[in-house]
Amino acid sequence: MSTEIEQLVAQFDNEFNFLCNIGKVPQTPAAALESHLIGNCAGCNRDLPWPAPRPGFWAAPVSCPECGQVYFTEGRSTNGIALPQLEPPTDAPSAPAAHGATNSFLASGSKVFSAFFGEDCERVERRRSVRYALSAPVVVVPLNEHGRAIAEAYDMTLLNISVGGVGLMRTGDAIADLMLIDFAVAGYPGVQAVGQVRWRTTAYGVTKLGCEFIKTT
């Protein structure tokens with residue numbers, strides 16, 4: 001094994017050790033392939049017995065019949081969701097993950113951040129540069145610019161989170177520059193957010209990316 005590869009492996013080992021020993025995982029993650037339900041609607045508290053997105057399956061947006069809150073659930077359709085005006089991704093792999101969000105996007109990230117750490121913590125940590133290291137599974141639905149799924153969902157690992165966005169990682173490719181991130185397998189059913197990939201790196205079969213929150217479904 002070359003010195004360069006040995007250094008890369010050591011770097012990933014150190015990062016995983018850091019995440020496992022220091023990263024705050026609020027709940028024990030469930031298996032990504034298990035079936036989870038959306039649960040209570042955040043808009044009206046109505047019970048929504050719809051399956052959350054799962055790796056290897058298509059997902060599509062469906063509106064709550066009572067309040068109109070939109071959730072991605074397992075299924076396939078040509079429906080999409082409205083997205084705000086997007087900016088082109090950067091080519092700066094060393095940039096921090098998803099902390100350039102404008103004030104108009106802070107409400108999107110705040111909902112996700114509050115789900116993990118509570119509203120009190122969210123109010124204290126409104127600075128976009130404050131990142132919390134985590135190690136938890138999530139499910140990602142790749143989207144096009146019209147907010148429609150373009151492929152089956154796949155699994156990723158959450159590396160860090162802030163009010164502005166998340167850092168993600170997976171073995172293999174992570175297609176699309178827009179993605180619906182579902183946090184059900186991390187212990188938070190019904191918590192979903194759309195992120196725009198701001199940077200992406202791939203080395204030795206491992207893809208890392210930084211996503212900026214642009215919308216919560």
Side-chain angles (χ1 to χ4, degrees), residues 26-27 29 32 36 38-43 48 50 52-55 59-64 68-74 80-87 89 96-119 121-122 125-126 128 130-132 134 136-150 153-170 174 176-200 209-217:
Q27 297 186 20
H36 298 265
I38 298 297
N40 292 337
C41 176
L48 302 176
W50 307 338
R54 284 193 297 165
V62 178
S63 299
C64 171
Q69 176 87 11
V70 177
Y71 292 93
F72 272 75
T73 182
E74 194 173 309
I81 58 174
L83 298 176
Q85 185 175 356
L86 305 175
E87 298 178 4
H99 300 307
T102 61
N103 289 336
S104 62
F105 293 153
L106 280 178
S108 298
S110 295
K111 292 182 181 179
V112 178
F113 196 82
S114 296
F116 274 81
F117 301 112
E119 293 183 0
C121 183
E122 184 272 326
E125 303 293 5
R126 288 193 68 83
R128 292 189 298 268
V130 176
R131 287 185 289 173
Y132 281 80
L134 289 170
V138 295
V139 175
V140 167
V141 180
L143 306 176
N144 63 14
E145 66 274 16
H146 303 296
R148 290 195 293 264
I150 58 173
Y154 53 87
D155 62 293
M156 295 199 78
T157 297
L158 183 65
L159 296 178
N160 58 66
I161 186 171
S162 75
V163 174
V166 292
L168 301 170
M169 185 176 94
R170 82 183 306 258
D177 290 328
L178 290 168
M179 48 187 61
L180 181 283
I181 307 167
D182 182 90
F183 295 90
V185 294
Y188 299 98
V191 177
Q192 300 180 341
V194 176
Q196 181 181 15
V197 176
R198 303 304 298 161
W199 61 266
R200 177 190 276 110
L209 55 85
C211 250
E212 176 183 356
F213 291 137
I214 61 173
K215 184 181 180 70
T216 50
T217 62

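Throughout, residue positions are numbered sequentially from 1 according to the sequence presented. Only a predicted model underlies this, so the values are computations on that prediction, with no experimental measurement involved.
To the nearest 0.5 Å, the span separating CD1 on Ile150 from CG on Leu178 amounts to 8.5 Å. Residue Asp177 holds its CG atom at 10.5 Å from CD of Glu145, rounded to the nearest 0.5 Å. Atom CD1 of Ile161 sits about 11.5 Å away from atom SG of Cys211, to the nearest 0.5 Å. The CD1 atom of Ile181 sits 9.5 Å away from the CG atom of Leu143 when rounded to the nearest 0.5 Å. In this structure, Leu158 CG and Leu168 CG are separated by 6.0 Å, a value rounded to the nearest 0.5 Å. Here the CD atom belonging to Gln196 is positioned 12.0 Å from the CG atom belonging to Leu209, to the nearest 0.5 angstrom.
With Tyr71 as the partner, the side-chain contact (heavy atoms from CB on, under 4.5 Å) test is satisfied by one option alone out of Asp182, Leu48, Leu180: Leu48.
For the pair Pro137 and Ala186, the tightest heavy-atom approach, listed with the atom from each and the gap, is O-CB, 3.4 Å. When every heavy atom of Arg200 is checked against every heavy atom of Ala174, the shortest pair comes out as NH2-O, 3.0 Å. Shown here for Phe72 and Ile38, the closest heavy-atom pair between the two residues is O-CD1, 3.8 Å. Annotation for Cys41 and Gln69: closest pair SG-CB, 3.6 Å, computed over non-hydrogen atoms. For the residue pair Val197 and Ala176, the shortest heavy atom distance occurs at CG2-O, 3.8 Å. Listed here is the closest heavy atom pair of Arg54 and Ala153: O-CB, 3.4 Å.
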request  = Might you work through the side chain to side chain contact (heavy atoms under 4.5 Å, CB included) test for Tyr188 and Val112, ending with a clear yes or no?
outcome  = CA-CA 9 Å; Tyr188 299 98; Val112 178; over 6 Å; no

What do the steps show when you test Val163 against Phe213 for side chain to side chain contact (heavy atoms under 4.5 Å, CB included), and what is the final call? CA-CA 8 Å; Val163 174; Phe213 291 137; over 6 Å; no

